[in-house]
Protein chains: 2
Amino acid sequence: MANEKITIKMVSEKANVSKTTVSRYLNGKYEFMSAETKKRIEEVIAELEYRPNALAQGLKNNKTGLIGIVVSNIMIPEVAALVRGVNDYCIRKSFQVILVETDQKNISQQDQIQALIDRQVEGLILSSNQDEAFVKSLTEQKVKIVLADCTIEELMIDTVIVDNEKATAEMIQRIYSEGFDRVAYFTPPLTTPSRKKKLALFLESSKIAVRNPEQLAFEIEETQVAFDACKESLNELLKKNQGYRLAILAENSELMFALIHVIYSLGLRIPEDVAIGGYDDLGWNKLYHHEMSVIEKPSYEIGSQAAELLVKRISKGKMQYKPKVIEVQPKIKMSGSTQVSDNSFDKIVIRMNQENQPYIKKNYRKQDD
Amino acid sequence: MANEKITIKMVSEKANVSKTTVSRYLNGKYEFMSAETKKRIEEVIAELEYRPNALAQGLKNNKTGLIGIVVSNIMIPEVAALVRGVNDYCIRKSFQVILVETDQKNISQQDQIQALIDRQVEGLILSSNQDEAFVKSLTEQKVKIVLADCTIEELMIDTVIVDNEKATAEMIQRIYSEGFDRVAYFTPPLTTPSRKKKLALFLESSKIAVRNPEQLAFEIEETQVAFDACKESLNELLKKNQGYRLAILAENSELMFALIHVIYSLGLRIPEDVAIGGYDDLGWNKLYHHEMSVIEKPSYEIGSQAAELLVKRISKGKMQYKPKVIEVQPKIKMSGSTQVSDNSFDKIVIRMNQENQPYIKKNYRKQDD
DNA sequence: GTGAAAGCGCTAACAG
DNA sequence: CTGTTAGCGCTTTCAC
């Protein structure tokens, strides 16, 4: 891009040494030259404002210092946090990051990933769902890959994943111990292993408190207006569970927020009438009137851990080792959305009115399962 | 990264042609070969799964298909939107994007940008405040640069910028015409040209409605707990403007949200007691109980326009033209946070109680300036 | 239609 | 300590 490109050759000529010596200088091999030569090269480089061409270096060394990060959409806050985690780590290790978003229209994500490989990136962090066969073909080409917050069944590969098990159990247990007697679970369609896993965790954790937790699980249709589907399911929940203190756990934050809207739109209060918690905090949380209780996915950490895994694998070169799986722990944040001060708690309970709409009855009497 | 790298040489040998011919094939110059040769090469490439090395191509062609995007922090929603705008456009033009964040610790952003240039990126989109001299030195090196949502005084350079003038005027005018008689302006310290500009726009637009709009402008200290500073200023505002219907315009969305919290924490309602609007929507907006009125920065568009500008300049090569400045228009969204239904409006007005805390008086009587 | 040869800017044997 | 030479993988004259 510079007007007249300064090359190593020009430096060598001006400094009256060979390209080799300049190259040695560039690579810090000062043992191989006199102090005087070193100084001269130094001066010429400064004078000419010479900068080595990373492309040529890369071609020669088979090292580009480039990694690719493949995400669905950078505008999703968790994705942004993950990317930042990756970038922060990479910068410290002198890598730079090429960003690929997979939910673009008109462009095949596989083409984009292939383009990364053609560029000789030294590794890939995948954080959006990928075709298993495709990823497999990549690993067979010895492309170094780390999966960040996604999994590919039957593929042994470096992975950073969230362990929701303990957190889910604890969240549910704490909600119950707050005095709620039903924790319902709302999930989008169970199309991914991760969602199925989360549901399983919910069911398992709920067993200690409720006899048939399956009845408390709602699969919400994946519609544009999640609002409507949520409203329907919520109504059903309320209907079936009149007289109980209800709490909701949402599989993800979007669903949680849809539910929050539904709850408000029904004229119900959080948490007095319905408590709500969920997974992941999109950063909005602190902006609500009271915070929402969430199991917070440590996206930044997932990113930085994934980057670390990748950089390690890259630097190992031929000396490869078995795939590593890192499980990071989410943080549990219990906040106002699931905590009811004692005096207000004793007065509330939801019932349905004639039109099958929820209304609030002031006298609460605890019932058994 | 592949186990055994397939090169153009291997392809040429297997196909019994020269590297030249294969290269011609790769570059679509089919006129220069027989149909038969073409087919043979095609087959060998498929069989070998050959992929050209983009590094080598770039070295030869002086084209990397890479651009750098320099932002402060990808976790800021507007920044993410901008990056997405850039990426979306670039992908369509077969560019890929290297992401640089400038608010990293321990790493000089200039080093990072220099690293991009060393990589022979074909251009740079800068969207975080930069040192003027540094950018100037880059342009002198003929680095192609587009500024996105930031400006550098006295530097003629391609730029995409938001024009807040009309939008600010309209927003303020509409708030007044809703029936509020004071629109106050809250801004962080006036350390940047952009903030000063915005304040100027506020003052100008307010003159038509209020005699001394300066009295309605509050510069909030830049502290970690913006909350406290906001609370203080808000109290002052309320004190000085007892008996008026107040609205607030916040210079940015963080400030707006801090103010929202302050308002709620004082037990006041939005918009009945204090209306509030601001600049930019971080995507949280729709999650509030009622939406906030905002002048929404079209970050995605800024990004895509900047990318377009850059790609155009790149493709022009030597045939350069004068710097272009594109002004994009923000969208005005008027929502519940500044709109009071008539019947509730007539009953409200804030006054201070003995302790100098605001309280709500039910009888409102309009006062003149 | 096709290929030999030179070279993009750099690094690394190898030889002094 | 230093330089000569070859070559990374590709493209492009130029010649046949």
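All chains are named by letter (A, B, ...) in the order of the sequence lines, taking the proteins before the strands, and each is independently numbered beginning at 1.
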From CD of B:E13 across to C1' of C:dA4 the rounded distance in Å is 14 Å
In whole angstroms, the gap separating C1' of C:dT2 from CZ of B:R40 amounts to 11 Å
Rounded to whole Å, NZ of B:K63 lies from P of C:dC8 at a distance of 19 Å
Checking A:L124, A:V311, A:L310 against A:K144 for side-chain contact (heavy atoms from CB on, under 4.5 Å), the one that qualifies is A:L310
Short side-chain N/O contact to D:dT2 OP1/OP2 from A:T37, under 4.0 Å = yes
Considering every strand and a 4.0 Å limit on heavy-atom distances, what is the contact class for B:N16: base, sugar-phosphate, or nothing? sugar-phosphate
In short, the helix from C:dG1-D:dC16 to C:dG16-D:dC1 is bent end to end, axes from five pairs each side, to 10°, by 40°
Original post:
Got a salt bridge between A:K297 and A:E78, using NZ or NE/NH1/NH2 to carboxylate O under 4.0 Å?
Top reply: yes
Separation of D:dT12 atom P from B:F32 atom CZ, nearest Å, is 11 Å
Interatomic distance, OG1@A:T159 vs CD1@A:I302, rounded to 0.5 Å, equals 12.0 Å
Once base and sugar-phosphate atoms are separated, protein heavy atoms under 4.0 Å mark nucleotides 9-16 of chain C, 5' to 3', with B, S and - as BBBBBB--
Exercise for review: Could you verify whether a donor N or O on one side chain and an acceptor N or O on the other, from A:Q109 and A:Q130, lie under 3.5 Å apart?
Suggested key: yes
To the nearest angstrom, the CE-C1' distance between B:M33 and D:dT12 comes to 14 Å
Could you tell me whether the phosphate oxygens of C:dT2, OP1 or OP2, come under 4.0 Å of any side-chain nitrogen or oxygen in B:S18? no
Within 6.0 angstrom of B:E36 CD, more than 12 heavy atoms from elsewhere: no
Hits for salt bridge (Lys or Arg N to Asp or Glu O under 4.0 Å) against A:D131, two or more places apart or cross-chain, chain-then-number order -> none
Looking at B:Y321, does the NZ or CZ of B:K324 lie under 6.0 angstrom from its six-membered ring centre and within 45 degrees of the ring axis?
-> yes
Check your understanding: Can a salt bridge be assigned to the pair B:E31 and B:R24 using a cut-off of 4.0 Å between side-chain N and carboxylate O?
Key -> no
To the nearest 0.5 Å, atom CD1 of A:I107 lies from atom CD of A:Q112 at 6.5 Å
From NZ of B:K39 across to P of C:dG1 the rounded distance in Å is 17 Å
